Novice: 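Have a look at the structure that comes next, please.
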Amino acid sequence: MYQCAVVLAAGEGKRMKSELPKVLHKVCGKEMVNHVIDCMRASGLEDVNVIVGRGAEKVKQGTSLKGVTYSLQDKQLGTGHAVICASEFLKGKKGLVAIFTGDAPLIRKETVKGLVDYYEKGKYSAVILTSILDNPQGYGRIIRGGQGVERIVEHKDCSPEELLVKEINAGMYIFDIESLLSCLGKLSNNNAQGEYYLTDVIGILKAEGKAVGALAVNFEETLGVNSRVELADAEKIMRERINKKNMENGVTLIDPSSTYIDSEVEIEQDTVIYPGNVLQGRTFIGRGCVLYPNSRIENSKIGDSVTIQSSVILDSSIGEGTTVGPFAYVRPGSDIGKHVRVGDFVEIKKSKIGDNTKVSHLTYIGDAQVGSDCNFGCGTVVVNYDGRKKHVTKIGNNAFIGCNTNLVSPVEVKDNAYIAAGSTITKEVPEGSLAIARAKQVNIEGWVNRRNSNK
Ligand code: UD1
Ligand code: CA
């Protein structure tokens, strides 16, 4: 049977108090609406239409990699009106449409598939996902009668008895497309909020004698985010899920409650992660790594058996067996080889560092290509910026850079070269030679005694 999905993402999100459209707020590093779109796709619903309105351009941009289509809801006249705006998308289609809200990111594919299954087996015209809440404040209530679900009443329209109902509408539905389209024209905005409610479709279908079902699931999956407090609630639940999945995959988390792993991060088995690590974006961490406390790693690829302590690594790759930190800063575009040592207070920017090279302490390397088996003494600075432009430094294999060297770029240090400590290198250092570029030492004998006797 034909299946498609509509994601509601046109609402204003007033309660977020934000410049950013609500559905673009992130949960574990991914925009809420993208969590929902990805979940639809993972559930087998390929054809996804997103309804945009408030901040439409931003929402389109924020979902641009997802290959979805859009419907525009110019004015936000309610969830029913939003679906009316998707009529063009739905028209002429025979089958089912899953309608999900873009502000409920915790929904899982297993649940969506279960709902589709329930819809198909029960030969329903519509099914809704519900859950039972101790505090149903704010949600639409499921009103059941002798023959199952009768209708949904919004919180603000509830009678005192209806307010006591604890079964709530999650805002997630499956409809038979033709039945849905035939009801949309019958919606009115005669209610407490003056809005066209999608939820009224349920009562209309029921009145027409059509079968409507409701499937109750765990509240966690249905949590709708309307405020920053709920955003943090969703983040916590998703974080726990991600951490559990990683532990099940063979990753040790010393303290899951203080480990922050984004939803797209991949980690291989036997890696150990200490508290305070923040792993973001599209980061991949290999096998058998140890991440000691307090690092942030974003969009980076970390090879097997890497050790990292209290460092920041952005948009870079780190080879197998390398150690980083404590207190290193690896900036975007860096490609660090295998068995490299990047020690304390080392900053590396947009540079390639070859295998087995050691940059042990207090060093800046920017816009450089460094070969393998080199050693950087403490306090080396690659002087890559002349105040106007950035320049490139090239260092061959097996070079020894003495402590406190300046390498004024553009400059090249060839294979097997040595640089004496304290040198400021402005010219090429030929292969196998020693460069000394500093003032010669002068000793003035008896100087201290003479100065003291002058007092
Ligand atoms: C809605 C449901 C309520 C349910 C709750 C679950 C209705 C009338 N009510 O209420 O029964 O318990 O979700 O979270 O549907 N949106 C648009 N266009 C609009 C209005 C909203 O696209 O004109 C989108 C929003 O961006 C959001 C979703 O629809 O993603 C839900 O809107 P929201 O205003 O949060 O509805 P609730 O009041 O939470
Ligand atoms: Ca909501």
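Each residue takes its place number in the sequence, starting with 1. Computed from a predicted structure; not experimentally measured. Side-chain atoms are counted along with the backbone in the values below, which use heavy atoms only and exclude waters and symmetry mates. Just follow the structure's listing: the first ligand is 1, and inside any ligand the first atom is 1.
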Novice: Taking atom types as modelled, is there a side-chain donor on Asp367 or His391 under 3.5 Å from an acceptor on the other?
Specialist: no
Novice: Need the ligand 1 atom indices (1-based, order shown) with element for anything under 4.0 Å from a heavy-atom of Asn226.
Specialist: 35 (O)
Novice: What I want to know is whether Gly78 and ligand 1 share at least one N or O pair that is separated by under 3.5 angstrom.
Specialist: yes
Novice: Could you pull out, from Thr199, Ile142, Leu223, Asn169, the option with a heavy atom nearest to atom 12 (O) of ligand 1?
Specialist: Asn169
Novice: Tell me the contacting part of Lys22 for ligand 1: side chain, backbone, both, or neither, using a 4.0 Å heavy-atom threshold, strictly below.
Specialist: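 It is the side chain that gets close, since no backbone atom is under 4.0 Å.
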Novice: Considering only heavy atoms of Gly102, which atoms of ligand 1 have at least one such atom less than 4.0 Å away?
Specialist: 30 (O)
Novice: Taking distance alone, with no angle check, do Ile152 and ligand 1 share an N/O pair under 3.5 Å?
Specialist: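 No, no N or O pair falls under 3.5 Å.
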Novice: Can you tell me which portion of Ala170 lies within the under-4.0 Å heavy-atom range of ligand 1? Options are side chain, backbone, both, or neither.
Specialist: backbone
Novice: Do Leu8 and ligand 1 have an N or O pair less than 3.5 Å apart?
Specialist: yes
Novice: Which of these, Thr79, Val50, Ile99, Val7, has its nearest heavy atom closest to atom 31 (C) of ligand 1?
Specialist: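 Considering heavy atoms of Thr79, Val50, Ile99, Val7, the nearest to atom 31 (C) of ligand 1 sits in Thr79.
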Novice: Whether the Tyr197 and Gln193 side chains hold a donor-acceptor pair (N or O, under 3.5 Å, no angle test) is what I'd like checked.
Specialist: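 A pair is found: one side chain offers a donor N or O, the other an acceptor, under 3.5 Å apart.
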Novice: Quick one: closest heavy-atom pair of Val340 and Thr322, and the distance?
Specialist: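 Between these two residues, the closest heavy atoms are N-OG1, 2.9 Å.
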Novice: Is it the side chain (CB and beyond), the backbone, both or neither of Thr222 that lies under 4.0 Å from ligand 1, heavy atoms counted?
Specialist: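 Looking at Thr222 and ligand 1, no heavy atom falls under 4.0 Å.
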Novice: Is it the side chain, the backbone, both or neither of Gln73 that has a heavy atom closer than 4.0 Å to ligand 1?
Specialist: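 The answer is the side chain.
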Novice: When you check the side-chain N and O atoms of Thr283 and Ser300, is any donor under 3.5 Å from an acceptor?
Specialist: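 No.
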Novice: Examine the side chains of Ser125 and Asp176 and answer whether a donor and an acceptor come within less than 3.5 Å of each other.
Specialist: no
Novice: With backbone taken as N, CA, C and O and side chain as the heavy atoms from C-beta onward, which portion of Ile51 lies under 4.0 Å from ligand 1: side chain, backbone, both, or neither?
Specialist: neither
Novice: Which of these, Ser317, Ser351, Ser316, sits in a side-chain contact (heavy atoms from CB on, under 4.5 Å) with Asp335?
Specialist: Ser317
Novice: Does only the side chain of Glu195 get under 4.0 Å from ligand 1, or the backbone, or both, or neither? Count heavy atoms.
Specialist: neither
Novice: For ligand 1, note which part of Ala82 has a heavy atom under 4.0 Å away: side chain, backbone, both or neither.
Specialist: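 The answer is the side chain of Ala82.
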Novice: With distance as the sole criterion, is a donor-acceptor pair present between the side chains of Thr323 and Thr307 under 3.5 Å?
Specialist: no
Novice: Ile152 and side-chain contact (heavy atoms from CB on, under 4.5 Å): which partner among Ile168, Val201, Thr199, Thr130?
Specialist: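 Of the listed options, the one satisfying the test is Thr199.
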Novice: Under 4.0 Å from a heavy atom of Ala9: give me the atoms of ligand 1 that qualify, with their elements.
Specialist: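 Near Ala9, meaning under 4.0 Å from one of its heavy atoms, ligand 1 has 22 (O), 26 (O).
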Novice: Do Ser409 and Asn384 meet the criterion of a side-chain donor-acceptor pair at a distance under 3.5 Å?
Specialist: no
Novice: Can you name the nearest heavy-atom pair linking Ile242 to Ile261, along with the distance?
Specialist: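 Scanning both residues completely, I find the closest heavy atoms to be CD1-O, 3.4 Å.
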Novice: For ligand 1, is Leu77 a contact, meaning one of its heavy atoms is under 4.0 Å away?
Specialist: yes
Novice: Tell me which one of Lys156, His155, Glu154, Met32 gets a heavy atom nearest to atom 3 (C) of ligand 1.
Specialist: Glu154
Novice: Just by distance, no angles: are the side chains of Asn191 and Tyr196 close enough, under 3.5 Å, to form a donor-acceptor pair?
Specialist: no
Novice: Can you find an N or O of Gly140 that's nearer than 3.5 Å to an N or O of ligand 1?
Specialist: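 N/O-N/O distance below 3.5 Å exists for this pair.
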